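Below is one structure, written out as C-alpha cells, with a few remarks after it.
To find a chain, count down the sequence lines: A is the first, B the second, and so on, and within it residues start at 1. The figures that follow rest on heavy atoms only: side chains count, while hydrogens, waters and symmetry mates do not. Model, not experiment: these values are computed from the prediction.
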Amino acid sequence: MSEDKKSLNFLEQIIENDLANGLPKSKLRFRFPPEPNGYLHIGHTKAIGISFGLGEKYNAPVNLRFDDTNPAKEEQEYVDAIKEDVSWLGYSWDKELFSSDYFQQLYDWAVMFIKQGKAYVDSQSSEAMAEQKGTPTQPGVDGPYRNRSVAENLDLFERMKKGEFEEGAHILRAKIDMQHPNMLMRDPIMYRILKKHHHRTGDDWCIYPMYDWTHGESDYIEQISHSLCSLEFKAHRELYNWFLEQIIDEKKLKPKQREFARLNLSYTIMSKRKLLKLVEDNIVTGWDDPRMPTISGLRRRGYTPNSLRKFVETVGVAKRDNVIEVSLLEFCIREDLNKTAPRVMAVLDPVKLIITNYPEDKEEWLEAENNQEDDSAGYRKVPFSRALYIEKDDFKEEAANNFFRLKLGGEVRLKNAYIIKAESVTKDAKGNITEIHCTYSEDTSKKVKGTLHWVSIKHAIKAKVREYDRLFMDEAPDSHPDKDFMEFLNPNSLKLIDAFVEPSLKDARVGERFQFQRIGYFSVDKDSTEEQLIFNKTVGLRDSWEKQKPVEKVNQNKPQNNSSQSQRKAIDVIQQLGKKYTNLPEEKQQKAKADIQELAKNISYEELQPLFNTAAKKVGTRIAVTIALDVLLKGGLQTNSEINEFIEKALVDENDLLKKEAQLV
RNA sequence: UGGCUUAUGGUGUAACUGGCAACACGUCUGGUUUUGGUCCAGAAGAGUCUAGGUUCGAGCCCUAGUAAGCCAACCA
C-alpha cells in the first residue's frame, strides 16, 4: 500500500523548490541537446535518463535539440543514429529541433548587441587573443580592437556574414570583462567565420555561433525551464546567465542551468573523440561494435532498453565524480534477461559423448521448459540420441568431490533428459580425450549433484559465437597523464567460437536473445545469414564455481582484494574493536576487552602512541588504547609524560567506561 | 599564484533538512533447485577527509586545513 517514498535527487529538489515558489507545473520543460558529431554512449544514457526521466515524472515535454553549430564535425548520419538510440531507449521527445533553426534570430540579437556596445569584432590572430586572455591565475588585458566604433563593428560583422573575409580573419566577441576571474567571461567569442557546408542550412551561412552564445538562447527560445548538463559546464553558467540577461523579456521564463556529475564506467572510455579513434583505427568494427560503450554497441551486444534505464536509475544523480563498476551494469542486464530470455542448450567447446546402451538409430524428442522464471513461456522439444556433445570443462577423468560435473564412475543429469554414468574414455595419440563413453538410466528421479547441458550431434546446428572481453585492461584507461589510452587495449577482447546449438534455434532472428543454459546470455547478431547463425555473448551467468577454482590467472581482473583479516596488524584490529566498543552489549564488551588485551601483547609502544591523539569524541578508540596501554605498562613499559597526559584526560572524561578503564591503569 | 565544485563501507547513492548512518551492486556463509543460474535466509564491511568549535545532541551548522575534479579550443 504505502509506496516507500524515494528520496529526491538534488535536481528533483531544485524543481520541487521552484514549484513550491510559484513556478506553474505547466511551465516545466526539459531538453536533451546532443551534438551530432558521434554516436551516443552509455554516459549519454544518464543524461537522457535524467531529462527524459524528469519529463516522465512531471508529465512535462522534453525537446530533442541537436546542437549543430559546428559544420566541420557534424553529419546527418549522427542525427539519424541519435534519434534511433533515444527512441530505442523508449523515450519520445516533444519536438525535434536544431540549434541551426535559430541562426537568424541569433544573428539579429548579435546585431543588437553590437548596437548596444555589448559586442565587437576582433581581428587579431587566435594566438594574440589567447595571450591577452591571461590564464586561470592571471587576469587578461584588453585587446586593440575592443573599442571599435559601433558603425565599424556593424560593417565588419555584416561583411563577415556575406563571406567577404577568410576563416580566421575576424570574430565577433561579447564585450564583458577581460579581468574577470572566470575566464569564460573574458570577452567570449560569439561568432567565427567558417566557410563550410552545414548539414541543414547548406551554404547559407559563412559565420556560425559558438556554443555559449547558442545554448542558453536556444533554451530561452524553447522556454526550457531546467537546462541540465554535466559538471564541466558549471563555469559556463555565469556566461549562460549573462547572455540571457541581455535579451530576456521579463514576461518570459528564464531557463535555469544546473549541472550533475557525468557517468564514468570502469575499464572503459567515454570520450567521443577517443571512441571515434577506435572506429577510425579499426580497433573495432564500427560505432556499434558490441565492445563499444555506445548505445548502439550495447544494443548489438544484446542489452535491453530496460536494463539500461534501470542501470541509470540505480546509479543515481549527484555532483561528485564517480566511477561505476561494470558489475552493476552486468547485474542490470542479467536481472532483466533472467526474466525474459528463453533458455536453450548450446555447446561452445565440445567433446563427444557416446551413450553405449542407447540404440544406434534411436532418437527421441524430449520436452524442455523454455523459461522457469516465466510460466507463459511454454515448452519446446529437443532431440536426444546416442551421440552428444557436452562441454570439455564438464568432464574430468578424476576430480575432487566439489566437482559436481561428470567424472569416470560418476553420475550426472543431462538437462531435460536422462541420468548418465561415465564408464570410460578414448584418447588420441597425444592423450587428448576424443570420446567419453557412458551408460544411461531412464530413471530420472534419482538425486545427482550435477546437471549438464548438451546437444545431439546429429541434430545440432553449427553457429558462430562471438565472445567479448573488456576492451581495456586498465580500470581507467584515459586517466593516466603519461600514457595513451591505446596502450591499455586488450588484445583478446574478441574470441571467435564455433559452437553447436540445439535445432530449435534454426529460425532465430536478428536481435533475439537467449540464455544458453549454464553459460550466459546471447543475442543473434545482424551479420547472421540463412546459412550461418552468429551469436554475440551479452554477458555470462554469475559463476560461483569459477570463483572457487584455484586459478592462476587471478589478479588480472580484480583491481585488488582487501587483505584478509587474519593478516591485519594487531594495532589495527585493536583500533577497530575500539570503534565498536561503546555500542556493544556488556558481555560482548568483556570479550572485546579480552581480545584487546590479548592483541596488546603483540604491539609496541611506538604503534600505540599515535593513537593518543585520537579525537576526544572517539571514546571507543580511547578506551581500547587505554586497555592496551595497561597491558604494555604491566609488561614493563616505563611511564612518561605522553602517557600521563593521555590518562589524565581519560580520568576526567565524562564517559564512565573510559574513566573506569583509566582508573585501572 | 586566482575562481568554482566535491569529499559517507571496495563501488554508487541515501539519511524526512540537527536525533540510533540506510539501500543497491560486489564479497562471504547457509538453504532450495533438472542451470555451480534464479530464488530464500544471514554475515562481514563506514564513527561520514583532518583538526577545532556551536549544541542536550553534528554526516548535516561554523572556522581553519587537506585531497580530488573543472576553468587558458575560432569544440560542444
Side-chain angles (χ1 to χ4, degrees), chain A residues 5-7 9 33-35 37 67 69-70 72-73 122 126 129-131 133-140 167-168 170-171 173 180-184 186 189 191-194 208 210-212 214-215 229 231-238 259 261 266 272-273 314-325 327-332 334-335 338-339 343 345 368-369 372-373 402-405 413-417 419 444 447-453 515-520 540-548 559-562 565 579-580 582-583 613 615-621:
Chain A
K5 175 169 92 196
K6 267 196 86 178
S7 55
N9 67 47
E35 183 192 9
N37 68 341
D67 219 337
T69 57
N70 186 355
K73 295 199 290 190
D122 201 338
S126 55
M129 285 189 288
E131 200 168 320
K133 202 165 183 181
T135 68
T137 53
Q138 281 175 312
E167 291 185 8
H170 306 282
I171 52 146
R173 307 177 75 168
H180 200 106
N182 181 347
M183 292 205 65
L184 291 160
R186 321 235 257 235
I189 298 174
Y191 277 95
R192 75 284 214 194
I193 299 169
L194 243 32
Y208 289 91
M210 300 288 289
Y211 165 84
D212 284 301
T214 310
H215 204 91
C229 58
L231 234 36
E232 65 266 31
F233 290 98
K234 178 68 223 280
H236 294 246
R237 187 151 111 198
E238 196 170 12
E259 311 81 11
S266 63
K272 273 198 256 184
R273 203 197 88 236
T314 310
V315 151
V317 183
K319 281 204 264 197
R320 56 173 148 160
D321 292 333
N322 57 80
V323 183
I324 315 289
E325 292 180 351
S327 63
L328 182 63
L329 219 209
E330 294 180 342
F331 167 81
C332 291
R334 285 192 191 111
E335 186 190 38
N338 176 50
K339 284 181 286 201
R343 320 281 133 131
M345 292 195 285
E369 198 175 7
Q372 45 278 80
E373 307 297 319
N402 67 347
F403 183 79
F404 301 161
R405 286 112 102 136
R413 183 185 305 279
L414 291 176
K415 181 81 187 168
N416 306 313
I419 289 175
T444 59
K447 282 258 180 207
V448 290
K449 202 75 170 131
T451 301
L452 308 187
H453 61 275
Q515 185 195 99
F516 290 180
Q517 276 188 311
R518 302 210 303 134
I519 303 175
L541 255 30
R542 281 189 65 206
D543 190 349
S544 48
W545 167 241
E546 188 66 29
K547 281 185 260 183
Q548 283 178 34
Q560 195 201 341
N561 270 325
N562 359 356
Q565 295 237 337
K579 284 181 182 179
K580 300 258 171 178
T582 52
N583 296 336
N613 295 322
K617 63 181 174 184
K618 296 181 184 173
V619 178
T621 306

Nearest whole angstrom, please: distance from the [atom2] of [N] to the [atom1] of [X].
{"X": "A/E335", "N": "B/rG37", "atom1": "CD", "atom2": "C1'", "answer": "14 Å"}
{"X": "A/E35", "N": "B/rA73", "atom1": "CD", "atom2": "P", "answer": "17 Å"}
{"X": "A/K339", "N": "B/rG37", "atom1": "NZ", "atom2": "P", "answer": "18 Å"}
{"X": "A/L541", "N": "B/rU33", "atom1": "CG", "atom2": "C1'", "answer": "14 Å"}
{"X": "A/I419", "N": "B/rU35", "atom1": "CD1", "atom2": "P", "answer": "12 Å"}

Indicate, with a heavy-atom threshold strictly under 4.0 Å, whether [X] touches base, sugar-phosphate, or nothing.
{"X": "A/T69", "value": "sugar-phosphate"}
{"X": "A/Y191", "value": "nothing"}
{"X": "A/K415", "value": "base"}
{"X": "A/M210", "value": "sugar-phosphate"}
{"X": "A/D212", "value": "nothing"}
{"X": "A/E167", "value": "nothing"}
{"X": "A/H215", "value": "nothing"}
{"X": "A/L231", "value": "nothing"}
{"X": "A/I324", "value": "sugar-phosphate"}
{"X": "A/N37", "value": "nothing"}
{"X": "A/F331", "value": "sugar-phosphate"}
{"X": "A/F516", "value": "nothing"}

Which value, in whole Å, describes the distance between the [atom1] atoms of nucleotides [N] and [M]?
{"N": "B/rC71", "M": "B/rG52", "atom1": "P", "answer": "36 Å"}
{"N": "B/rG10", "M": "B/rG37", "atom1": "P", "answer": "27 Å"}
{"N": "B/rC25", "M": "B/rG19", "atom1": "P", "answer": "27 Å"}

So does [X] reach the base of [N] with its side chain, donor to acceptor, closer than 3.5 Å?
{"X": "A/R343", "N": "B/rU35", "value": "yes"}
{"X": "A/E373", "N": "B/rG37", "value": "yes"}
{"X": "A/Q372", "N": "B/rU33", "value": "no"}
{"X": "A/R542", "N": "B/rG36", "value": "no"}

Any idea which of [options] is nearest the [X] side chain?
{"X": "A/R405", "options": "B/rG37, B/rG10, B/rG36", "answer": "B/rG36"}
{"X": "A/S544", "options": "B/rU33, B/rA76, B/rG36", "answer": "B/rG36"}
{"X": "A/V315", "options": "B/rG37, B/rA76, B/rG12", "answer": "B/rG12"}

Query raised in the report: Is A/Y211 stacked on the base of B/rA76, meaning ring centres closer than 5.5 Å and planes within 30 degrees of each other?
Result: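 No; centroid distance or tilt outside limits.
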**Report entry** Residue of the set A/R237, A/E238, A/H236 for which side chain to side chain donor-acceptor pair (under 3.5 Å) holds with A/N182
**Finding:**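 The side chain to side chain donor-acceptor pair (under 3.5 Å) with A/N182 is passed solely by A/E238 among A/R237, A/E238, A/H236.
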Query raised in the report: Does A/G450 or A/E232 map to a spot on RNA chain B nearer the 5' end, using the closest nucleotide for each?
Result: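 Nearest-nucleotide comparison on RNA chain B picks A/G450.
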Requested in this report: Map every base of RNA chain B to its dot-bracket character, where paired means a Watson-Crick or G-U wobble contact with both distances under 3.5 Å and | marks a partner outside the strand.
Outcome: .((((((..((((.....[..)))).(((((.......))))).....(((((..]....))))))))))).....
**Report entry** A/K447 vs B/rU33: side-chain N/O to OP1/OP2 distance below 4.0 Å
**Finding:**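 Looking at the OP1 and OP2 atoms of B/rU33, one of them is under 4.0 Å from a side-chain N or O of A/K447.
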